[in-house]
Amino acid sequence: MARDDTAAAERHRYIMNWLADKPSISIGDITEHYGVSEVTARHDLMTLESQGKIRRIRGGAVSRSRAASISYPEERINFNVQAKRTIGAIAASFVSNGDVIIADIGTTGFYFVQQLTEKRDITIITGDLAIANYASFNLPHAEVLLLGGTLRKGHMYVAGSLTLDSMSKLYADKAFVSADGFHPDRGFTVEHDFSVSIKQVYNSNSRQRFMMLDESKVGKTSFYQFATLSDFDTVITETDPEAVLRHAVEKTHHQPALIVADDPTTFPRI
């Protein structure tokens, strides 16, 4: 076998092994690991798709055998993947064995839950069917409490008065919440009004509150405010290049801890 063919075969094995454990792979995952061009990575995916092993999607691919379990729109599951994985890994470090936690709906919460494989005897409260499905198959040491409510078509999560009522009766050690936007003058915002009340109950019914926010949301304002910095104990992001979050935290009366993945000085001492 020619050297180029051997290298391609090795990349193909890497892609398939990746997809055996994770819901999707991005072009960037391949180029970063092997140092090849995006053109080469795309050709690898085209080859595997022609063999019926994967299904290509925008920016990457999913396994044919697992494609049905990917319930988020493709543009969401493949957007800012590495940032969300980084944030999820940091958030997961705050989960202790035996904790009852809340995992907010959405891809940030999904990548967070993926990092919980080493945790034992935890309970995950969520209204996200993709998170519940992933946990049921991949986290044998976790119990899942799926909130009731109306299924929002095309999005695979529940919402509405039944969701709010069921969550109002539950209490957690830690809530891991996300947002559609953050602006220093407007706080944390979401696109839909039904998200406001449920996120506020997540916070009020938890002893500790964590915000998971990737940089693409910083400086952005959506329609409805549901919280301010003071409503969280810890804010986790992958980067804060213009120090927007740091300056906002410094001006906050109840200052949450700010953890920035690319700034080791922000990590708490253990």
Side-chain angles (χ1 to χ4, degrees), residues 1-92 105-117 128-131 133-135 137-138 153-157 178 180-181 191 212-220 236-241 261-262:
M1 182 180 291
R3 182 175 179 180
D4 288 348
D5 291 339
T6 302
E10 180 184 341
R11 293 195 301 274
H12 295 174
R13 284 193 295 272
Y14 170 79
I15 292 167
M16 295 311 299
N17 287 336
W18 178 292
L19 290 174
D21 295 327
K22 299 181 177 67
S24 66
I25 189 168
S26 69
I27 295 291
D29 293 324
I30 304 168
T31 59
E32 182 178 348
H33 186 80
Y34 283 102
V36 296
S37 68
E38 291 188 3
V39 172
T40 297
R42 287 195 181 92
H43 187 268
D44 289 335
L45 298 182
M46 290 173 63
T47 300
L48 291 171
E49 185 177 50
S50 70
Q51 297 170 355
K53 294 180 179 179
I54 67 168
R55 179 169 66 87
R56 286 193 300 147
I57 58 177
R58 191 176 77 173
V62 295
S63 169
R64 286 281 183 188
S65 61
R66 295 172 63 101
S69 69
I70 306 303
S71 56
Y72 299 109
E74 293 168 1
E75 64 271 18
R76 289 178 57 206
I77 196 69
N78 283 286
F79 178 72
N80 226 4
V81 174
Q82 190 54 54
K84 292 175 182 178
R85 285 182 182 149
T86 299
I87 292 167
I90 296 173
I105 64 170
T107 54
T108 302
F110 183 83
Y111 286 117
F112 157 63
V113 170
Q114 282 188 335
Q115 307 293 327
L116 300 176
T117 53
D128 191 306
L129 274 67
I131 289 174
N133 178 73
Y134 177 86
F137 285 101
N138 298 281
K153 293 181 180 180
H155 292 268
M156 297 303 288
Y157 62 81
S178 57
D180 295 327
E191 183 178 353
M212 304 181 297
L213 190 78
D214 68 78
E215 188 216 354
S216 70
K217 311 292 178 58
V218 178
K220 175 182 176 182
I236 304 169
T237 189
E238 85 279 18
T239 188
D240 187 22
D262 64 3

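Numbers here are sequence positions counted from 1.
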In the structure I gave you, are the side-chain heavy atoms of [X] and [Y] within less than 4.5 Å of one another anywhere?
X    : Y    : result
I131 : I105 : no
M16  : I54  : yes
E10  : Y34  : yes
L45  : I30  : yes
D44  : H12  : yes
R11  : T40  : yes
F112 : I87  : no

Heavy-atom closest contact ([X] atom, [Y] atom, distance):
X    : Y    : answer
S178 : T108 : CB-CB, 4.3 Å
A92  : Q115 : CB-CB, 3.6 Å
T86  : A261 : CG2-CB, 3.4 Å
D128 : G106 : OD2-N, 2.8 Å
A83  : D214 : CB-CB, 4.3 Å

From [X] atom [atom1] to [Y] atom [atom2], the distance as rounded to the nearest 0.5 Å:
X    : Y    : atom1 : atom2 : value
K53  : L19  : NZ    : CG    : 11.5 Å
Q51  : E49  : CD    : CD    : 11.0 Å
T239 : D262 : OG1   : CG    : 3.5 Å
E215 : L213 : CD    : CG    : 10.0 Å
S50  : R56  : OG    : CZ    : 9.5 Å
Q114 : K84  : CD    : NZ    : 11.5 Å

Non-neighbouring partners of D29 that pass side-chain hydrogen bond (donor to acceptor under 3.5 Å, both in side chains), sequence neighbours left out: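 Per chain and number, D29 pairs via side-chain hydrogen bond (donor to acceptor under 3.5 Å, both in side chains) with S26, R85.
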List in chain and number order the residues that pass ring-ring contact (aromatic ring centres under 6.0 Å, His included) with H33, two or more places apart in sequence or in another chain; answer none if no residue qualifies.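 Partners of H33 by the ring-ring contact (aromatic ring centres under 6.0 Å, His included) criterion, ordered by chain and then number, come out as Y14.
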Is the count of non-hydrogen atoms from other residues, nucleotides or ligands lying under 6.0 Å from M46 atom CE greater than 12?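 Counting other residues, nucleotides and ligands, CE of M46 stays at 12 neighbours or fewer.
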State whether the side chain of N133 and the backbone N or O of L129 hold a donor-acceptor pair below 3.5 Å, judged by distance alone.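 The answer is no, because no donor-acceptor pair under 3.5 Å joins these two groups.
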